[in-house]
Trainee: 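Provided herewith is a single structure, encoded as structure tokens, for subsequent inquiry.
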Amino acid sequence: MALALDPGLLAELTTARRVALVSGTNGKSTTTAMLAAAFAVRSRPAWNRTGANMVDGALAALLDHPDADSAVLEIDEGYLPGVVAQTRPAFVVLLNMSRDQLDRVGEVASVVRRIRAALLESPGTTVIANAGDPLVVAAAQAAEHRIWIAPPRTWRHDGVTCLLCGGHIDPVATTWGCTDCALREPAPTWTVTEDGHLTGPDGYRRTLGLRLPGTANLVNASFAVAAATAYGVAPDRAVDAVTGLDEIAGRYRSFRRADGETRLLLAKNPAGWAETLAVIEASEGAVVIAVNAREADGRDPSWLWDVPFERLRGRRVTASGDRAADVAVRLAYAEVDHEVEADPVAAARRLGVRVDVAADYTAFLGLRARLARTATENRTCLPADGTR
Amino acid sequence: MPARGRDSVNRMSTESAVRIASVSPDLLGTYGDRGNAEVLRQRLRWRGRRAEIVTVTGTVPTGCDIYVLGGGEDSAQVLAAQRAARPPGLRGAVERGAVVLAVCAGLQILGERFAGPDGTDHAGLGLLDVTTTRRARRAVGEVVATPLVPELAGAPLTGFENHGGATRLGRAARPLARVESGVGNGSTQGSGRGTEGVVAGRVVGTYLHGPVLARNPALADLLLEWAVGEPLPPLRVPAVEQLRERRLRARRRRRLIRPAP
């Protein structure tokens, strides 16, 4: 890794650029793409569009764009403290914090504590953070400037122990607070509803008409608009920039097949799956669940038991990926009728016309490469709605 | 899905439901272990028996038949131990003869003492004669273990461990299994060495996730038979058999490639 060779390189490449870092468990790549589109209204941002979110991915993005005058960098939450220390970013976007790949990254709480410590040491950084997530708030409070986003609903499961005092976080009807200390839900600067109604400072109001599906993307877009506005982009222009996106590095992209089409969804943990299930439920196609649980995914797929797969009862479902057998057992106990086919491309072909494939990270990468290749060979490499 | 016999369907109207307490899943829900309660419930329902899951997020009630505790993060573990200690609590239930399955952090808090965040020592519930200290390195990976409980003979335990604890077994605790690959209890002393999990009466502790009962139906059925007080008819779930075969085979393959030093 380049950073190992020269620990000052990241600092050197970012001194002359306004930097925004995007981190959290879910939504990083989408929010980074949205924020880069919004930053592009008034600058030429370097950004890691490949989703390579470790330090070397950020370095590659910066080295590849020597003329860029700003940078939007997706950073894995485990690496965020170190990258904050090196880049002294103007903005840090903190989306959400829940468990992801427990066997690899370590426990959520220690990650959040390290982020908090790094923000304390980075005066001048503005944090754009999720007011509904107690772990995010515990970390983001440490920043000198804070812009809070209130999403319509959040994944609060892992935030039940107060990180500051060890007390208990009580999720009450509308806002949350710690029973033992002063940590509680901050008043939001920006709010977004399930219907996409966005409100911001100075009475700003706008309805987000996104081309990307799902509530999660409305929330991601709100973070991008808030951060871009703080950067000096007019909110309306930021909204226009983010609503134009229709796929993020293959996610949500539909690939035509000879006899139908396959839509590719990424779902790598329970929080991500909650949103992916909502997207799947809004369509009527068959479903392939592809789980590899390789090194980059985290080797333990036990989290499948925290996903309410019962909601897929009555749908045509195939368990797939290296760990198809684990998926199949989960579906059996959820009483979801299913077939088993380890190869997700073969599974989608067998299921017929319209298929949603929800895959963990390595399964997603494999599928994206294979589907893109097939689509190119068939000369049908177009998004499903026929536009570009 | 397994078929239901006519006899077992008739049984439903006459028997009271088996109550399965999922204890503090809000604190001990990090590793998918709530699936254990779901597996127990379904394996009863598929045999035509009534069963319900009671989610407990406060003081533990004594009226349930089976109590299931899962793994969690360090700070949550201390809070979960305090909750479960509130009388009558889990101790009251065990004294009434209830069955307990405690996984990972759950196993640790059932012991005499356990190490909390930063290695601080905490009193456990004292339901298992074990003491847990911190390991130098986290134990992470697949585990295969040979059961030492006669009822489980011939059905190797398979699961995934992810813990920083070294659990030493006292005289009143028997190990659940002997480790074939992986770490398990991970103590360097006494019967905590080379073993996985612990059994005392109807209380079972284990480090295995997966969840453990999804991967090891024989253990699930043993807990259920303790709870209902009679043998249960066999239940075949083909998907589970395929998963077991795959996990055990994957382990064997890896050992061939990387022989133990």
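All chains are named by letter (A, B, ...) in the order of the sequence lines, taking the proteins before the strands, and each is independently numbered beginning at 1.
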Trainee: Would you mind reporting whether A:Trp305 and B:His209 have side-chain heavy atoms less than 4.5 Å apart?
Mentor: no

Trainee: Taking the side chain from B:Gln42 and the backbone from A:Ala334, do they hold a donor-acceptor pair closer than 3.5 Å?
Mentor: no

Trainee: If you measure from CZ on B:Arg246 to CZ on A:Arg323, what distance do you get to the nearest 0.5 Å?
Mentor: 9.5 Å

Trainee: Minimum heavy-atom separation for A:Asp306 and B:Gly29, please, with both atom names.
Mentor: OD2-O, 3.7 Å

Trainee: With only heavy atoms counted, which part of B:Arg41 is less than 4.5 Å from chain A, the side chain, the backbone, both or neither?
Mentor: neither

Trainee: Is any side-chain heavy atom of A:Arg299 less than 4.5 Å from a side-chain heavy atom of B:Glu142?
Mentor: no

Trainee: Nearest 0.5 Å, please: how far is CD1 in A:Ile169 from CG in B:Asp26?
Mentor: 12.0 Å

Trainee: Starting at OG of A:Ser302, measure out to CZ of B:Arg34 and round the result to the nearest 0.5 Å.
Mentor: 12.5 Å

Trainee: Taking all non-hydrogen atoms of both residues into account, name the closest pair between B:Glu38 and A:Tyr333 and its distance.
Mentor: OE2-O, 3.9 Å

Trainee: Using a 6.0 Å cut-off, check whether atom CD of A:Glu310 has over 12 heavy atoms from anything other than its own residue.
Mentor: yes

Trainee: A side-chain contact here means heavy atoms from C-beta on lying under 4.5 Å apart; do A:Asp300 and B:Asn162 qualify?
Mentor: no

Trainee: Less than 4.5 Å apart, side chain to side chain, heavy atoms only: is that true for A:Val329 and B:Arg215?
Mentor: no

